[in-house]
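Read the structure below first, then the notes.
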Amino acid sequence: MSAVAQTSLDAYRSLPIAGYLQPKEKQVMAAFERNPGARYTRLQLSEITGMPLHSICGRVRSLLDKKQIAVRGDAIDPATRKRQELLGLPVGHQGALF
């Protein structure tokens, strides 16, 4: 097998499976499923899940890419006075829960 063919095969095998969430992504999603209308910052998700902030940021990015969560506004952090994104379930996703 040629190197190009093997590289292509490796790339194909690494494609994400539709609808599959990794265990840490499921842990983040559980916070939203417990309270479907809630909007959280990444820091709040870190506190809720017990995961370090750097892990939350990676999981949030992948969940945004998979359209499992969405940016649902922003808020000013009182401690830093910087704008923070608020994350929540996509509007269509919320309707399925009711």
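Atoms considered below: every heavy atom in the structure, side chains included; atoms not considered: hydrogens, waters and symmetry mates.
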Exercise for the section: Check the pair K24 / I56 against side chain to side chain contact (heavy atoms under 4.5 Å, CB included), numbers first and verdict last. Expected result: CA-CA 9 Å; K24 295 290 184 181; I56 287 293; over 6 Å; no
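- Taking hydrophobic clusters as Ile, Leu, Val, Met, Phe, Trp and Tyr residues chained together by side-chain heavy-atom distances below 4.5 Å, V28 shares a cluster with V71.
- Between L45 and A31, the shortest heavy-atom contact is CD2-CB, 4.0 Å.
- The closest donor-acceptor contact from the side chain of R39 to the backbone of R72 lies under 3.5 Å.
- Here SG of C57 is found 9.5 Å from NE2 of H54. Values are rounded to the nearest 0.5 Å.
- Closest non-hydrogen pair, F32 versus L87, comes out as CE2-O, 3.3 Å.
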Handout entry: Worked check of side chain to side chain contact (heavy atoms under 4.5 Å, CB included) between I69 and M29
Key = CA-CA 8 Å; I69 60 174; M29 287 302 297; 3.7 Å; yes
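- No side-chain donor-acceptor contact under 3.5 Å links T41 to the backbone of L86.
- Expressed to the nearest 0.5 Å, how far CD of Q84 lies from CZ of R42 amounts to 8.5 Å.
- Here the shortest heavy-atom pairing between P52 and S46 reads C-OG, 3.8 Å.
- T49 and Q27 make their closest contact through O-NE2, 3.1 Å (heavy atoms, listed as atom of the first residue, atom of the second, distance).
- For the atom pair R59 CZ and K66 NZ, the distance stands at 9.5 Å (nearest 0.5 Å).
- Cluster annotation: L43 and L64 are assigned to distinct hydrophobic clusters (Ile/Leu/Val/Met/Phe/Trp/Tyr, side-chain heavy-atom contacts under 4.5 Å, transitive).
- Here the straight-line distance linking atom CZ of R83 with atom CD1 of I76 works out to 4.0 Å at 0.5 Å rounding.
- The closest side-chain heavy-atom distance from Q68 to L21 is below 4.5 Å.
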